[in-house]
Amino acid sequence: MMKNYKIIIFLSAVTLITACKKYNTFPLSQQTVDRVFDARDSLGANANKFLLTVYSQVINGQNRIDNNYLDAATDDAVPTAAAISEPLTQIATGTYTSFTFGFGSGDNVWSACYAGIRSANVFINNIDVVPVQATMPNIPNLSMKYAWKNEARFLRAYFYFQLIERYGGVPLIGDKVFNVGDNVKLPRNTFEQCVNYIVGECDAIKDTLLTAPLATSNYGRVTKGAALALKARVLLYAASPLFNGTTLITEAKAGNTGIGPRVVTDPNIVGYQVADQNRWKLAADAANDVIALKAYSLNPVFPDIFLDYPPSNNEVIFAKIVDAGTNVENKNGPIGFPAANSNGYTSPTQDLVDAFPMLSGIDIHAANSGFKPDSPYAHRDPRLQQTVFVNEQVWLNTPLQLFQGGQSIPNSGVPQTVTGYYSHKFMGESERVNNYVSHNEDWTIFRYAEILLNYAEAKNEFSGPSPDVYQKLFEVRKRAGISQGNGTYGLTITADKAVLRGIIQNERRIEMAFEEQRFFDIRRWKIAPTQMNPYKHGVQIVKSVGETTINYINVLPDVYKQNTFTPNQYLQPIPYNEVIGNLQMQQNPGW
């Protein structure tokens, strides 16, 4: 069941959203609501600190499941340590039940999101009494507390989005703050009601939020752009094949009978029963609203998206604020460097590597691509080596040895990559130094490149290929460093919607790798069976005197031999305890 909470507020380790990126401790360990939301507090200091606790409940995607990225449960990567008992591997192989899913370090965000929703509701219900004298810089004479209130509404809407992308329709609780003894046994709302709620919240708050660019003191706060970006993403999901005219109940029942009680029978709970092509237009229009703000642009240097702070970085629309450091390197970097400890947790697949085109933008499998099998990383899309470490790539003043017996693949019993690749994305500039360089480790949630790809996808699906769809793709590829060539950046110009769909999907795959997009994309597009059921692939490089041999291999066959994607895996199971303890709660089909 959704957790009950006492009205006493527990506050500790609050994230301060400032340029110095520090974590301070709020001195109140136990305070009642009237002490936090104090009618005498003209600065709103305590209320603002409580709002920051709501921000702190936003999920950080950096290595959050078994120290891996969620992408290690997709066709883009596998976990380096892939014991079948580990939650991430269970997600990747579908070897979990509604009872086991989400325990330990798994991906059960149900409790986390409802906890965040409750915290947001506490703030929304109580902030009005605080006489905050500070005013909004973009709306003179309007108290800053109204921006704060709408920030909390945004965070609540974002928590709901994270629920519906995993579960379909979920219980909407409005502004209610449940306490011990309250009846929290609620039914699931329909998917449409949830989408309308999130979209309605974004529309209601967008004009009473801060606007980009933000002053340094407000760095990390929700803006109008963030509200519009959330609206654009939820409408894109709503228009996608998984939800738009859903057939999930029939498919999941045929593929898996499940063990859970009270399996949902109403298709409208897991999606829209009736498909509507106009939903793609709504998604395209919403993405265009973000573009029309003219507040955001593509960062000229791809890796700097995740390293630079505003105002030098106008690509990030909203991010989870995290302390600067080298945690990304420590968890994901290539092993074998005693002076810079790393664990190489997430192993990118050959399938992801092959998705990156040549520097010309041409697919490596095309006859005229110029791809050379004996030199597979030469003259490729620069994003390849900015996302994935490959053999002989310079790191910590050393050409990486990703061949068998090399420095980073010693085969000496230590955990190491199982694909021949290590993850590079989000890391600092440690190529020409001997130790890791501390850097920004914020988790990017919305950025401008996604908005361009959202628009391209939705516009193509609604009305087919057009110059403005291609223009958005050209912008993304130009920033990546792909050659302009004859002006098409290597893209095939077609009037065929299906052909352009494949192009857009691949561009999204390589641009957004490891940003928790691929896991949901292959589900909402309903292509997961073809992407997940084949073996994942890697490379095994054997180096001997005067000769280097590159072998392409299946990876983790003993673990992944059970990997059969069934329709019930399109949505995650409602936690078993929620269903068994609430007679109104219905389980997702197949669970």
Side-chain angles (χ1 to χ4, degrees), residues 64-66 68-79 82-110 113 161-170 188 191 237 240-265 267 269-271 349 351 505 509 516-536 556 559-576 578-579 586-591:
R64 70 180 179 87
I65 306 177
D66 293 337
N68 282 273
Y69 289 103
L70 179 61
D71 289 52
T74 73
D75 50 343
D76 282 354
V78 296
I84 196 66
S85 61
E86 295 179 352
L88 194 283
T89 306
Q90 291 180 351
I91 295 171
T93 59
T95 53
Y96 55 86
T97 69
S98 61
F99 182 76
T100 62
F101 186 85
F103 283 84
S105 55
D107 191 39
N108 174 18
V109 302
W110 184 277
C113 284
F161 169 73
Q162 290 208 296
L163 289 168
I164 70 169
E165 70 178 341
R166 290 168 168 84
Y167 304 107
V170 297
R188 296 172 65 175
F191 181 79
Y237 275 56
S240 298
L242 178 63
F243 300 110
N244 192 7
T246 181
T247 55
L248 185 57
I249 288 181
T250 302
E251 293 170 353
K253 283 183 178 179
N256 189 323
T257 57
I259 64 169
R262 296 186 304 281
V263 175
V264 63
T265 57
I269 290 179
V270 295
T349 60
D351 312 272
Q505 289 181 354
R509 179 182 193 177
E516 293 211 349
Q517 298 270 1
R518 185 69 176 172
F519 183 88
F520 299 105
D521 282 345
I522 62 176
R523 285 164 170 76
R524 68 180 180 86
W525 292 330
K526 297 196 75 176
I527 64 171
T530 59
Q531 302 304 121
M532 293 298 293
N533 286 340
Y535 281 120
K536 309 304 174 291
L556 309 178
V559 173
Y560 277 58
K561 65 185 179 183
Q562 302 179 60
N563 184 24
T564 301
F565 189 94
T566 51
N568 64 311
Q569 295 177 54
Y570 277 121
L571 295 178
Q572 295 177 2
I574 305 293
Y576 184 79
E578 293 287 338
V579 179
Q586 297 180 14
Q587 182 58 276
N588 273 331
W591 294 109

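Keep in mind it's a predicted model, so treat the numbers as computed, not measured. No hydrogens, no waters, no symmetry mates; every other heavy atom, side chains included, goes into these values.
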Where do [X] and [Y] come nearest, in terms of heavy atoms and distance?
{"X": "Gly168", "Y": "Arg188", "result": "C-NH2, 4.1 Å"}
{"X": "Ala73", "Y": "Ile91", "result": "CB-CG2, 3.8 Å"}
{"X": "Ala92", "Y": "Ala72", "result": "CB-O, 4.1 Å"}
{"X": "Ser98", "Y": "Gln587", "result": "CB-NE2, 3.4 Å"}
{"X": "Pro589", "Y": "Leu248", "result": "CG-CG, 4.1 Å"}
{"X": "Ile527", "Y": "Thr530", "result": "O-OG1, 2.8 Å"}

Item to check | Derivation of the side chain to side chain contact (heavy atoms under 4.5 Å, CB included) call for Lys526 and Glu251 | outcome: CA-CA 12 Å; Lys526 297 196 75 176; Glu251 293 170 353; 2.9 Å; yes
Checklist entry - Does a salt bridge link Asp75 with Arg509, judged by any charged N lying under 4.0 Å from a carboxylate O? => result yes
Rounded to the nearest 0.5 Å, how far apart are [atom1] of [X] and [atom2] of [Y]?
{"X": "Gln586", "Y": "Ile269", "atom1": "CD", "atom2": "CD1", "value": "4.5 Å"}
{"X": "Leu163", "Y": "Ile574", "atom1": "CG", "atom2": "CD1", "value": "8.5 Å"}
{"X": "Arg518", "Y": "Gln531", "atom1": "CZ", "atom2": "CD", "value": "5.0 Å"}
{"X": "Leu242", "Y": "Ile522", "atom1": "CG", "atom2": "CD1", "value": "11.5 Å"}

Hey, does the side chain of [X] reach the backbone of [Y] with a donor-acceptor pair shorter than 3.5 angstrom?
{"X": "Arg523", "Y": "Gln569", "result": "yes"}
{"X": "Asn588", "Y": "Leu571", "result": "no"}
{"X": "Trp591", "Y": "Asn568", "result": "yes"}
{"X": "Thr74", "Y": "Asp76", "result": "yes"}

Checklist entry - Taking the inter-plane angle between the rings of Tyr167 and Trp110 on a 0 to 90° scale, is it parallel (under 30°), tilted (30 to 60°) or perpendicular (over 60°)? => result perpendicular
Next on the checklist: Can you tell me how the ring of Tyr237 sits relative to the ring of Phe161, calling it parallel under 30°, perpendicular over 60° and tilted otherwise?
Outcome noted: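 Tyr237 vs Phe161 ring planes: perpendicular.
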Item to check | Given Phe520, Phe519, Phe565, the one that forms ring pair (Phe, Tyr, Trp, His ring centres under 6.0 Å) with Tyr570 | outcome: Phe565
Next on the checklist: Run the side chain to side chain contact (heavy atoms under 4.5 Å, CB included) test on Ile164 and Val170 for me, step by step, so that the C-alpha distance in whole Å, both residues' side-chain angles and the decisive distance to 0.1 Å come before the verdict.
Outcome noted: CA-CA 7 Å; Ile164 70 169; Val170 297; 4.1 Å; yes
Checklist entry - Which residues pass the salt bridge (charged side-chain N to carboxylate O under 4.0 Å, His left out) test with Arg166, sequence neighbours left out? => result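 Only Asp107 meet the salt bridge (charged side-chain N to carboxylate O under 4.0 Å, His left out) criterion with Arg166.
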Checklist entry - Are any of the side-chain heavy atoms of Ile65 and Leu70 separated by less than 4.5 Å? => result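 They are in contact (side-chain heavy atoms under 4.5 Å apart), so the answer is yes.
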Checklist entry - Please walk me through it: do Gln505 and Asp521 pass side chain to side chain contact (heavy atoms under 4.5 Å, CB included)? => result CA-CA 9 Å; Gln505 289 181 354; Asp521 282 345; over 6 Å; no
